[in-house]
Amino acid sequence: MIVLGGYGGFGGRVALLLARTGFAVTVAGRDGRKAEAFCRLHPDERFAPLALDRNAVAATLAVERPWLVVDAAGPFQGSDYQVAEACIAAGAHYFDLADARAFVTGVRRLDQAARAADVAVISGVSSLPALSSAVADHLAAGLDRVTRIDTALSASNRASGGTSTTRAILSYVGRPIRLWRGQAWREAFGWQEMAKVTFAIPGHRPLRRRVALCDVPDLDLLPDLYPGRPAVRFRAGTEIEIQNIALWLLSWPVRWKWVRGLGALVRPGVWAQKALGRIGGDRSAMAMDVKGWGGGDPIHRRWTLIAEKGDGPWIPAMAAALLAERLQGGEVAPGARTAAGSLALADFECAFADFAIASATEEERVSPLYARIMGDGFARLPETVRALHLVNGELAAAGAAEVIRGRSLPARLIGWIAGFPPAGRTDLRVRMDEVAGVETWHRDFGGHAFFSRLSQHEAMVVERFGPIRFAMALPNRADGLSMHIVKWWLGPVRMPLILAPRCVAVEREADGLFHFDVAIRLPLVGPLVHYRGWLEAPKPPAEA
């Protein structure tokens, strides 16, 4: 078999794992001297060097007639399928280590030709989506509805990639990324939504690293694989915090279209990575959170991996060796497809045993925010009202609303600052994101969107709009619940209740729909905003 790019950081590891599995491997790439040097470095392996340019693959395969070609010579962003097509023409199987979203998902266009040639053409035989889909399958097993899949990956600074990886990352920093959220495709931006994530496994020192949004095949593939079409997000980062923050800062000029892209920074980025290469440790990590419902219970499952002693870069190489063994055993069907679902987590766990790599799975039963606050009163709510507050991971609903705005000058100024929607009748879409028990409600009134965050304070729900927080009691009504302000804060300062906005908020059930009516007015200012309408409540989890 041939490993294209077989002397590189990941390709070299693929070649070594294949050789240790018992395969004779031809180490190929543009630079024949590097291929020869790699083979000399590993004299005990069944290696042969080969100078091979991608543009000459077809002619070489016609002579060499390999059984399998593994393409590890990215980047694959913007690449074509000339290597895969040459393999099909030569009757050779083909794997690649691509993580480029369009490239991996687009490989299915070769399916008919691959079947006719009786060969397997599989893209993404790496951490994404081969390992990530195996983890998602493991975590989603037995769930009636999956609502959210959130993945984070952090490489050690010493394991961070070279030119190909740098070019791949810079290709989407600040650029639009399609995400499946709220049961619709929505737009986000590369290397934004930055946050710190803790990777923890019992018996291992935890890691806390920054990660940011990346454009990967999982964003297209995973929503279609599980009941409920879950929201999917993938974030990654490097060990060195300043690198992540620098990329986040650079993402804004691209998002604002001040610059067309960051391709000119590939060389400086590679230089900076080499300059910082001796800084930091040798620990890498990956985690996936899956939230959903099983038997009517809200469930949160988390899988975490921590690689020690610099063994993290072996992980992207493992899938190729594992799948090659299956291919040799006749367990891989011909055709062109992604690597999603091609392997099980147990396969990877066996491979982890040869390295300083540990993983663990945790599960917890969680309680939605309103259920925690209301206790027994939550069960007495009408079904449609209760259904809109069964948020575990994500929930979405759609309907219509009427907005009435205050007309005084102070009311209009405050409404503009707060981002209230304009007056009138409009369609309404609401998306609720839940992370660590805190819900973010995104409300879209006919294209005018604003959001607030809801959390718990004692036996009250706290809604936050920027620096202002309101704590509200939640008494039951015969047809739903009402909410009224009992405390409020401006920043960290608790304010006198007499100065608080007067808010009358009601949620009720009528005609099988969720109805809401919220009126807000300020002392000395008068009415600020009044919005009312309805939402079609999703089915309760036990029925979904």
Side-chain angles (χ1 to χ4, degrees), residues 147-148 172 174-193 213 215 219-220 223 228-233 251-258 384 387-389 391 393-435 438-454 463-468 470 501 503 505-507 513-521 527-538:
T147 58
R148 187 182 186 97
Y172 57 73
R175 293 190 178 275
I177 293 178
R178 278 199 336 152
L179 293 184
W180 180 255
R181 286 176 165 171
Q183 299 299 301
W185 287 109
R186 303 175 190 275
E187 188 177 80
F189 294 89
W191 220 265
Q192 297 199 346
E193 302 190 17
L213 190 62
D215 197 18
L219 303 180
D220 274 332
R229 296 211 76 198
V232 175
R233 179 173 61 174
S251 73
W252 289 100
V254 179
R255 176 175 176 173
W256 294 332
K257 299 182 179 179
W258 294 356
T384 57
L388 257 295
H389 293 292
V391 185
E394 189 189 84
L395 189 66
E402 177 186 16
V403 180
I404 304 168
R405 291 283 296 272
R407 296 187 177 183
S408 69
L409 181 60
R412 286 182 293 185
L413 179 61
I414 294 170
W416 176 77
I417 294 172
F420 291 141
R425 296 179 182 272
T426 182
D427 294 335
L428 173 63
R429 300 184 69 91
V430 180
R431 173 169 59 92
M432 297 82 98
D433 291 328
E434 178 271 325
V435 178
V438 177
E439 298 177 6
T440 302
W441 284 53
H442 303 264
R443 305 168 180 88
D444 186 334
F445 291 81
H448 187 97
F450 74 102
F451 71 92
S452 63
R453 287 194 171 90
L454 280 66
E463 186 162 17
R464 177 172 183 168
F465 299 88
I468 302 175
F470 302 102
C503 178
V506 174
E507 297 178 355
L513 298 172
F514 172 91
H515 286 258
F516 59 90
D517 193 323
V518 181
I520 304 174
R521 58 185 296 122
L528 282 182
V529 66
H530 182 184
Y531 54 93
R532 59 195 176 198
W534 58 270
L535 293 166
E536 186 173 357

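For the pair Asp220 and Trp185, the minimum side-chain heavy-atom distance is below 4.5 Å. Annotation: side chain of Phe450 is in contact with side chain of Phe465 (closest heavy-atom distance under 4.5 Å). With a 4.5 Å cut-off on side-chain heavy atoms, Leu219 and Arg178 do not count as touching. Looking only at side-chain heavy atoms (C-beta outward), Phe516 and Val430 stay at 4.5 Å or farther from each other. The shortest side-chain heavy-atom distance between Trp180 and Val232 does not fall under the 4.5 Å cut-off. Cys503 has its side chain within reach of Val518: a pair of non-hydrogen atoms, C-beta onward, lies under 4.5 Å apart. Leu395 is not listed as a side-chain neighbour of Thr147, based on a closest heavy-atom distance of 4.5 Å or more. Taking the side chain as every heavy atom from C-beta outward, Met432 and Glu434 never approach each other to under 4.5 Å.
For Trp256, the CH2 atom is densely surrounded, since the number of other residues' heavy atoms within 6.0 Å is greater than 12. For Arg229, the CZ atom is densely surrounded, since the number of other residues' heavy atoms within 6.0 Å is greater than 12.
Separation of atoms CD (Glu187) and CZ (Arg255) is listed at 8.0 Å; rounding is to 0.5 Å. Separating the CD1 atom in Ile177 from the CD atom in Glu193 is a distance of 8.5 Å, to the nearest 0.5 Å. To the nearest 0.5 Å, atoms CG (Leu528) and OG (Ser408) are separated by 7.5 Å. One finds the CG atom of Asp517 at 9.5 Å from the CD atom of Glu402 (value rounded to the nearest 0.5 Å).
Nearest heavy-atom pair across Ala398 and Trp534 is O-CZ3, 4.0 Å. Taking both residues in full, the closest heavy atoms of Ser452 and Leu454 are given as OG-CD1, 3.7 Å, listed atom of the first, atom of the second, then distance. Nearest heavy atoms, Tyr172 versus Leu213: CE1-O, 4.1 Å. Across Pro538 and Leu388, no two heavy atoms sit closer than the pair CD-CD2, 3.7 Å. Shown here for Gly190 and Ser251, the closest heavy-atom pair between the two residues is O-CB, 3.6 Å.
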Query - Residue pair Leu513, Thr384: steps toward the side chain to side chain contact (heavy atoms under 4.5 Å, CB included) verdict - result: CA-CA 6 Å; Leu513 298 172; Thr384 57; over 6 Å; no
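Without hydrogens or angle criteria, Gln183 side chain to Gly228 main chain gives a donor-acceptor distance under 3.5 Å. In terms of modelled atom types and a separation under 3.5 Å, the side chain of Arg405 and the main chain of Phe420 share a donor-acceptor contact.
Ring-centre distance between Trp441 and His389: below the 6.0 Å cut-off.
Taking the charged nitrogens against the carboxylate oxygens, Arg148 and Asp433 do have a contact shorter than 4.0 Å, which makes a salt bridge. Salt bridge status for Glu394 with Arg186: absent, with no side-chain N to carboxylate O gap under 4.0 Å.
For the side chain to side chain contact (heavy atoms under 4.5 Å, CB included) with Phe451, the qualifying choice from Arg443, Arg431, Arg464, His442 is His442, the only one to do so.
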